Amino acid sequence: MKNKKIGVFCSGGDAPGMNAALRAIVRRGIARGLKIIAIHRGYQGIFDEAFEKMTPRSVGNIIQLGGTIIKTARCKRFYEEEGVQEAAEILRKHEFDGLIAIGGDGTFRGLIELKKYWTGQVVGIPGTIDNDIFGTDYTIGFDTAIDTVIQMLDRIRDTAESHQRVFLVEVMGRYSGFIALEVGIGCGAEEVLVPEHVVDLEKVARRVIEAQKREKKSIIIVVAEGVSKNDIFNFSNKLTNQEGLEFQTHISILGHVQRGGSPSALDRWLATRLGSFAVDCILDGDTGIMVGEQNHQLVQVPLEETQKKKSIDTYAFSIIHDLAI
Ligand code: F6P
């Protein structure tokens, strides 16, 4: 029987640990008799036929690198049915037997669509700093990102405390508050605003004044990107003009610095196990699944399930105000 030919690509926002996952896929795959082809620039690379046959040496010395050496993209053409059909045709022409895609929910949606027109095996690996993928406790990149953000928040706290200021700090998480909540807890934020919970900003303003009365010297309000920018700018103006509030208010948007950097030990561990397990699943003939981790166990989750909404930790959310007294 001929060796299976498996394509691997990254899609959506890059995340630290994607290279570690790629390394594991390439080496475990080749060690177990697969032919591994890197597809550069995500789904776009299928249209461009940007294929590279990988060897164990192609992934040497990359486990510690942030970003992804095979590049990533958000591919509009793949959102259209004709685009998906065209991609399926190209995969057939090049005789691919399977694909392993590292990315987020949009990437997995792409695989679900592709399955309708292509009979090859499809396996997803959760790689996004947002950690918003249902079916896995953690996604590759999240641990590194929260460490990076916590470091930045500690620095903001230094200056906030010295000048006695309120800082509204926007962190990434397009539709979710996982980053905001964990860094908020980790840096002792006074407030965390996330898209999953609608909060009354009037109440937040009152709590800020109360905190000043309790002689707090600074206030950090962590805001997930998914909360409306308009609301945040209006809220900042409101605090600036709030009677009785002596603290100045500043907005700080951390942006893409959160996505870069060398992956943490935990992300390398997760990426390496998930990458290797994805190969094992391909060898076992599995398809239509995401590999993930639940309670430290490797699991397979049907791709359709990954499209459900993952909930943030409501207990952690409920203790923030008590911890900020
Ligand atoms: O999905 C990861 C993420 O970093 C989100 O937190 C953020 O909203 C988005 O990607 C930004 O994407 P881009 O770099 O394409 O603007």
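Numbering of ligands and ligand atoms starts at 1, following listing order. Everything numeric in this text was worked out from a predicted model, so none of it was measured. Start at 1 with the first residue, then count along the sequence.
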Ignoring hydrogens, just give me the one of T139, D105, D130 whose non-hydrogen atom is nearest atom 5 (C) of ligand 1.
-> D130

Salt-bridge contact E304-K115 (side-chain N to carboxylate O under 4.0 Å) | yes

Below 4.0 angstrom, N of the basic side chain to O of the carboxylate: do E113 and K116 qualify?
-> yes

A101 to T107 - nearest heavy-atom pair and separation | CB-CG2, 3.8 Å

Does F142 have its ring centroid less than 6.0 Å away from the ring centroid of F178?
-> no

For [atom], closest protein heavy-atom neighbour:
atom: atom 12 (O) of ligand 1; result: R74 NH2, 2.9 Å
atom: atom 7 (C) of ligand 1; result: E225 OE1, 3.3 Å
atom: atom 9 (C) of ligand 1; result: R174 NH2, 3.4 Å
atom: atom 11 (C) of ligand 1; result: R259 NH1, 3.4 Å

Sub-3.5 Å N/O-N/O distance, I129 and ligand 1 = no

Do any heavy atoms of G104 fall under 4.0 Å from ligand 1?
-> no

Ligand 1 contacted by Q258 (non-hydrogen, < 4.0 Å) = no

Parallel, tilted or perpendicular: which describes the rings of F51 and F96, with under 30° parallel and over 60° perpendicular?
->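 Correct class here is perpendicular.
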
Identify, by atom number and element, the atoms of ligand 1 in contact range of H256, meaning under 4.0 Å from any of its heavy atoms.
->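 Every atom of ligand 1 under 4.0 Å from some heavy atom of H256: 13 (P), 14 (O), 16 (O).
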
G173 heavy atoms within 4.0 Å reach ligand 1 at atoms 6 (O)

List the steps, then state whether salt bridge (Lys or Arg N to Asp or Glu O under 4.0 Å) holds for D132 with K309.
-> CA-CA 8 Å; D132 58 347; K309 180 91 184 144; over 6 Å; no

Between Q121 and K4, is a side chain to side chain contact (heavy atoms under 4.5 Å, CB included) present by the stated rule, with each step listed?
-> CA-CA 10 Å; Q121 290 170 260; K4 280 185 182 173; 2.9 Å; yes

